[in-house]
Amino acid sequence: MEKKIMSCSVLAFGLMIILVLNASATAADGITCEEALTQLITCQPYFLGFGSKPSRTCCKGAENISQQANTTTIRRSLCECFENAAKAFQLIPERLKQLPQLCKIQVPVPLDPTVDCNTVP
């Protein structure tokens, strides 16, 4: 039963990406919202409360995004993207905030749906 719920959640997450992308800004000459969300799709179970830690694939995706968030414009765009995704998918904010620590990575983009993205350096 849990696998069926997980499968439905993954499908719903994929479909919701399309909706979020229509409402999100994209980064000029850098990683786009679509690319970032695609790299984080394996984090979805963790973000929704399944499991006690993110998968290695999730952490690798977060690390890849962090490396590509190398300008203020890209970081602000990704911040807005993540903020919209967190709200649209009803992700658990505490799980988002714990990701850098659990993955042992530095993230230049706040994983907090309440942050003002205009203040991201």
Side-chain angles (χ1 to χ4, degrees):
M1 180 70 170
E2 188 173 313
K3 285 186 179 187
K4 186 174 184 177
I5 292 171
M6 183 71 70
S7 296
C8 289
S9 294
V10 170
L11 177 61
F13 188 75
L15 294 174
M16 291 295 291
I17 286 175
I18 294 167
L19 296 175
V20 171
L21 295 178
N22 289 331
S24 298
T26 58
D29 297 321
I31 187 168
T32 65
C33 181
E34 178 180 21
E35 292 165 340
L37 293 179
T38 300
Q39 289 190 42
L40 292 179
I41 200 158
T42 60
C43 300
Q44 186 233 2
Y46 170 74
F47 290 152
L48 291 174
F50 296 97
S52 60
K53 62 182 184 174
S55 68
R56 282 187 232 175
T57 309
C58 168
C59 290
K60 185 64 176 166
E63 183 178 24
N64 288 340
I65 293 166
S66 293
Q67 291 171 351
Q68 295 178 63
N70 53 13
T71 69
T72 299
T73 302
I74 293 170
R75 288 188 292 273
R76 288 183 179 174
S77 178
L78 289 175
C79 176
E80 291 175 12
C81 172
F82 297 154
E83 188 174 285
N84 290 333
K87 291 174 185 173
F89 304 128
Q90 298 180 344
L91 304 178
I92 302 169
E94 294 77 27
R95 293 276 179 130
L96 294 168
K97 293 175 194 176
Q98 293 170 348
L99 186 70
Q101 178 184 354
L102 293 173
C103 290
K104 298 179 176 121
I105 60 171
Q106 296 280 332
V107 291
V109 179
L111 297 176
D112 182 348
T114 63
V115 74
D116 178 2
C117 294
N118 291 321
T119 64
V120 173

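Numbers here are sequence positions counted from 1.
Every residue two or more places apart in sequence or in another chain that forms a side-chain contact (heavy atoms from CB on, under 4.5 Å) with C43 is listed here: L40, F47, C58.
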query = Would T57 and K60 satisfy side chain to side chain contact (heavy atoms under 4.5 Å, CB included), going step by step from the backbone distance to the final call?
reply = CA-CA 5 Å; T57 309; K60 185 64 176 166; 5.6 Å; no

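Counting heavy atoms from C-beta on, the side chains of Q68 and Q39 come closer than 4.5 Å. Put simply, the side chain of C33 does not reach to within 4.5 Å of the side chain of L78, judged on heavy atoms. Put simply, the side chain of T114 does not reach to within 4.5 Å of the side chain of P93, judged on heavy atoms. For the pair S66 and P108, the minimum side-chain heavy-atom distance is below 4.5 Å.
N118 CG to E80 CD: the interatomic distance, rounded to the nearest 0.5 Å, is 6.5 Å. Atom OG1 of T71 is separated from atom CZ of R76 by 10.0 Å, given to the nearest 0.5 angstrom. Remark: I92 CD1 to K97 NZ distance equals 12.5 Å, nearest 0.5 Å. Here the OG1 atom belonging to T42 is positioned 12.5 Å from the CZ atom belonging to R56, to the nearest 0.5 angstrom.
In the hydrophobic cluster analysis, where Ile, Leu, Val, Met, Phe, Trp and Tyr join through side-chain heavy atoms closer than 4.5 angstrom, V120 is grouped apart from F82. A continuous path of hydrophobic side-chain contacts links F50 to L91 [ILVMFWY only; heavy atoms under 4.5 Å].
The residues K87 and E83 are annotated as salt-bridged, a charged nitrogen and a carboxylate oxygen being separated by less than 4.0 angstrom.
Without hydrogens or angle criteria, E35 side chain to T32 main chain gives a donor-acceptor distance under 3.5 Å. Here the side chain of T38 pairs a donor or acceptor atom with the backbone of E34 at under 3.5 angstrom.
I65 pairs in a side chain to side chain contact (heavy atoms under 4.5 Å, CB included) with only one of the listed residues (I105, V109, I31, V107), which is I31.
The shortest heavy-atom contact between K53 and Y46 is C-CD1, 3.5 Å. The two residues L102 and S52 have their closest heavy-atom pair at CD1-O, 4.5 Å. Of all non-hydrogen atoms in L37 and C81, the two that sit nearest each other are CG-SG, 3.8 Å. Taking both residues in full, the closest heavy atoms of I74 and A69 are given as CG2-CA, 3.8 Å, listed atom of the first, atom of the second, then distance. Heavy-atom minimum distance, R75 versus P121: NE-O, 2.6 Å.
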